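Reading through the structure tokens given below for one structure.
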Amino acid sequence: MIEKIKSVLKQVEEFVIDSAKSNEDFRLKFLVKKGLVNELVDDFRTIDNSLKKEVGKELNTLKERARLKWEEAKEKFENKDGNQDKSKDLSLPVNSISFGGKHPISAVMKEISDIFSRIGFSTEEGPDIEDDYHNFSALNFAENHPARDMQDTFFVEDDFAIRTHTSSVQIRVLERENPPVRVICPGRVYRNEDVSARSNCFFHQIEGLYVDKNVSFADLKQTLYFFVREFFGKDLPVRFRASYFPFTEPSAEMDVFLGTETEEDYRLTKGTGWLEILGCGMVDVNVLKNVGIDTEQYSGFAFGLGVDRIAMLKYGIKDIRTMFYNDVRFLSQFTPF
Ligand code: DAH
């Protein structure tokens, strides 16, 4: 029996443990219930009592040695609560988690929506694919009227196009809701234009619409002054230039004065100091009639803001196309962390 114990002890000593895996092999060979050590413990029960003292001592040494060897290796190769390999350095800092951020266009849209929501405008959206009626006819673009040429349209099918402006959402909202209506409609619009640093075949607009009793051009101006003050953080000089849109009468375009002090402002304003940011006007009576609104009682104003140019201005982006390459080196500049 002693010989047998010594032989197992020898095997214990010679067993090479160099990984968590081999330590497990060691345990399976020696320490489990049916392992070599317990086999000897079973044998021990059957031997003569006179031998038990001497053999017991040897057996205890073996048991102790095997358990210790296994525990030491476990400490060395295994993580305390699992069986991870200690060759991984647990003190290393974790890989930083990268957070997504808002695209500059989304950030500006959200900021503008928030400003208007503070004066009672809710947000509505409309479809990107529009029918001719909502994109043109209902907005007072006469059939075959040259005004339709103002915008180079991407047609999808005969009567459908991808919208050329968010003004189409004005019609969708007015078909659904009765005045008073006070909404802004952010969205993407598409035009068949040459792509360059300054213009793209798709861009973003925020449409504004207010229809109620006694709405005047003065209300429109005050609303837009409020927007400029809130968005640019100061009372930038603003000017209105008379313009033409089929769906508003009178119509205007609004410029803000950035000045020409910095090279950037000079470039953006083509040396004039003025930057055009939106078109606006009083909603044409024909538009209101098209959606069944009593024009004796109600009037309204509308405006359409170009988001991309404002985002470029805000973040100093020089080429509109860079916003849509999805290059993370560009996009990660706008992450909040
Ligand atoms: N839809 C016009 C465009 O795409 C912008 C616009 C002008 C919108 C005047 C309006 C408005 O609501 O009143 O250029």
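Values below: every heavy atom of this structure, side chains too, minus hydrogens, waters and symmetry copies. These figures come from a predicted structure and were not determined experimentally. Every number for a ligand or one of its atoms is a count from 1 in the order of the listing.
- A salt bridge between Glu124 and Arg176 is present, with a side-chain N of the basic residue lying under 4.0 Å from a carboxylate O of the acidic one.
- When heavy-atom distances to ligand 1 are checked against a 4.0 Å cut-off, Ala302 comes that close through both its backbone and its side chain.
- Short contacts between ligand 1 and Glu207, defined as distances under 4.0 Å to a heavy atom of the residue, involve ligand atoms 8 (C), 10 (C), 12 (O).
- Contacts with ligand 1 closer than 4.0 Å are made by no heavy atom of Met254, backbone or side chain.
- For the pair Asp114 and Lys110, the salt-bridge criterion is met [side-chain N within less than 4.0 Å of a carboxylate O].
- With Arg191, Glu249, Gln170, Arg163 as candidates, the residue nearest to atom 14 (O) of ligand 1 on a non-hydrogen basis is Arg191.
- Between His165 and Phe136, the ring planes are tilted. Angles from 30° to 60° get that label.
- Those atoms of ligand 1 with a heavy atom of Phe245 less than 4.0 angstrom away are 7 (C), 9 (C).
- Ligand-side atoms of ligand 1 in range of Thr248: 13 (O), range being under 4.0 angstrom from any heavy atom.
- Contact analysis puts Gln205 in contact with ligand 1, with a non-hydrogen atom separation below 4.0 angstrom.
- In Phe247, the part holding a heavy atom less than 4.0 Å from any atom of ligand 1 is the side chain.
- Atoms of ligand 1 found under 4.0 Å from any heavy atom of Gly281 (numbered from 1 in listed order, with element): 13 (O).
- The atoms of ligand 1 that sit less than 4.0 Å from any heavy atom of Ser167 are 1 (N), 8 (C).
- A side-chain donor-acceptor contact under 3.5 Å links Arg191 to the backbone of Thr164.
- Closest of all the heavy-atom pairs between Leu288 and Thr295 is CB-CG2, 3.6 Å.
- A ring-ring contact (aromatic ring centres under 6.0 Å, His included) with Phe116 holds for exactly one of Phe231, Tyr210, Phe303; it is Phe303.
- Interface of His165 with ligand 1, defined as ligand atoms under 4.0 Å from a residue heavy atom, comprises 1 (N), 4 (O).
- Side-chain N/O atoms of His134 and Gln170 include no donor and acceptor closer than 3.5 Å.
- Atom CZ of residue Arg321 and atom CG of residue Asn200 lie 8.0 Å apart, to the nearest 0.5 angstrom.
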